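Right, one structure below, let's go through it.
Protein chains get the first letters and strands the later ones, always in sequence-line order, with residue 1 at the start of each. From a predicted model like this one, the values you see are computed outputs, not experimental measurements.
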There are 2 protein chains.
Amino acid sequence: MPARRRSPGTPPITRERVLDAAIQLADEGGVEGLSMRRLGTALGVQAMSLYNHVPNKDAVVHAILDRVVDEIRRPARDTPWREAQRDRARSAREVYTRHPWAMELITARTQPGLATLLHHDAILGNLRTNGFPLPLAAHAIALLDAYVFGAVLQELALPFQSPEEDAPVAEEVMAAFPADQAPFLLEMITDHAMQPGYAFTDEFDWGLELVLDGLERRLTP
Amino acid sequence: MPARRRSPGTPPITRERVLDAAIQLADEGGVEGLSMRRLGTALGVQAMSLYNHVPNKDAVVHAILDRVVDEIRRPARDTPWREAQRDRARSAREVYTRHPWAMELITARTQPGLATLLHHDAILGNLRTNGFPLPLAAHAIALLDAYVFGAVLQELALPFQSPEEDAPVAEEVMAAFPADQAPFLLEMITDHAMQPGYAFTDEFDWGLELVLDGLERRLTP
DNA sequence: ACCTGAACACCGTTCAAGT
DNA sequence: ACCTGAACACCGTTCAAGT
């Protein structure tokens, strides 16, 4: 088949459409579902055509990660810091659990994108405007960001979301459990995490409040 | 060439030797340096031979992740909780920064290995023995682990370790910086992170102590 | 029991060739 | 300017064949 112009109905391929399709592909098939070849066919084109709009796969990954960060609500400068930071932390958790592939890719990222820089600037702007001295603001953003990332990582590693809806999976996990070697872990799972009503969201909020408490105490001793 | 027995000097290939080589390969070349074919040649054998000792690549990844966790110091049950938890958190950070590939792989892991279970059991055992009620112990392990993971993730994403030794890299990063759009971030970098004497380790310890303070306060109100 | 070569179904990317 | 097919250098894994 010779190279030919696209059929009249098909929209032109642009960098934006490539990134849209890449996010959709990753949402559906995870990191391993995202390949240049599949990305091409999703856009009705050969993989090699993509290189007219994007330098390589790394650039695609870089760009879609920055788009994910752009989905997170950014704190306004003049909102009271505690509610602003709590809201952005919760928003970040929600966005990352909605795009689980982002966590896998972000560990390999070298340079932050523009949206990521603006996001961090907004966090710092809110803290500085609300009276955080520079060193404390630096500590605060590192701590808050570390907590959010780590908590999302934990959540994605959980074999099930709630004991109620995933009883068969829960039983399967427990069948292979070395009960006699890990009695404290067993206790925690059976008497706490597997209890009805347990939700990891509550765990996230509990830790977040502890962190915010600590920052407040260091801001106004 | 026909299939032949290994030459007299060569040690036999075992599961243990495969895992040793896999860790070494990942330490040297990162996640993308770890392939079954390269693993084979590192052991002086074809990639296909590895399948006699290991079911597939996923099993290799699973096993070497568990080995990394096994390197982390486990808290003793009867050590005072605050120093025990601080020590294990620092040890975890040290181990993960020494095996940066582990962070990339752990996000894709589904089931924890035996060492990982024992490690968590030791953390919980120390907390429970030191008077933490079950729900508080559950919150504590989630919070501490999230913080360590997130902080390591941040550290690995830093473009340079210290401003002193990586001045050219620092300048290159700053050249592309959108100074007018991100004034607060610019301030933090130039007036804080790029100052001589800044070390991310201090940032880690600062956050860790805040977390431990918060736990102590909730343990003894 | 253990190792091999060939094969299959995939990758990312380059390049000359088409329109 | 944009798209194509062929090619290159890689992947993980299966399988029949060797010793």
Output a table of donor-acceptor pairs, distance under 3.5 Å, between side-chain atoms of residues 28-40 of chain B and any protein atom two or more places apart or on a different chain; print 'none' if there are none.
| from | atom 1 | to | atom 2 | distance (Å) |
| --- | --- | --- | --- | --- |
| B:E28 | OE2 | B:Q24 | NE2 | 3.3 |
| B:S35 | OG | B:R38 | N | 3.1 |
| B:R38 | NE | B:G33 | O | 3.2 |
| B:R38 | NH2 | B:E32 | O | 3.4 |

query = Measuring from A:F204:CZ to B:H139:NE2, what's the distance to the nearest 0.5 Å?
reply = 13.5 Å
task = Mind calculating the distance between CD (B:Q46) and P (D:dG12) to the nearest angstrom?
result = 14 Å
request  = Quick one: pull up OG1 in B:T107 and CE in A:M103 and give me the separation to the nearest 0.5 Å.
outcome  = 9.0 Å
task = Calculate the interatomic distance between A:N52 atom CG and D:dC2 atom P; express it in whole Å.
result = 7 Å
message = Just verifying a value: how many Å separate A:N52 CG and A:T14 OG1, rounded to the nearest 0.5 Å?
response = 12.5 Å
inquiry  = Can you measure B:L39 atom CG to D:dT13 atom P for me and round it to whole angstrom units?
reply    = 12 Å
ask   = How close or far is atom P of C:dA1 from atom CD1 of B:I13, stated in whole angstroms?
value = 17 Å
message = My understanding is that only residues two or more places apart in sequence, or in another chain, count here; which of them pass side chain to side chain donor-acceptor pair (under 3.5 Å) with B:H120?
response = B:D145
message = Just checking A:R77: does its CZ atom have more than 12 heavy atoms from other residues, nucleotides or ligands closer to it than 6.0 angstrom?
response = no
inquiry  = Expressed as a whole number of angstroms, how long is the span from B:H53:NE2 to C:dT4:P?
reply    = 11 Å
task = Check the side chains of A:N126 and A:Q85 for a donor-acceptor pair under 3.5 angstrom, ignoring hydrogens and angles.
result = yes
message = For residues 187-206 of chain A, which residue pairs pass the salt bridge (Lys or Arg N to Asp or Glu O under 4.0 Å) check, not counting sequence neighbours?
response = A:R90-A:D205, A:E187-B:R128
inquiry  = Output the rounded distance in Å from CG (A:L50) to P (D:dG5).
reply    = 14 Å
task = Nearest 0.5 Å please: distance from the CG atom of A:L117 over to the CZ atom of B:F177.
result = 5.5 Å
request  = Rounded to whole angstrom, note down the P distance from C:dA9 over to D:dA9.
outcome  = 22 Å
Scan nucleotides 14-16 of chain D against the protein and return all N/O pairs shorter than 3.5 Å with their distances rounded to 0.1 Å.
none

A:R98 and A:E94 ion-paired at < 4.0 Å = yes
Within residues 17-38 of chain B: residues closer than 4.0 Å to DNA chain C (heavy atoms) = B:R37
query = Could you write out DNA chain D as a dot-bracket string, with dots for unpaired bases, | for bases paired across to another strand, and Watson-Crick or G-U pairs counted at under 3.5 Å?
reply = ||.|||||...|||||.||
ask   = Whole-Å distance between C:dC11 P and A:K57 NZ?
value = 9 Å
key: B:D20/B:R15 salt bridge by N-O under 4.0 Å criterion   = no
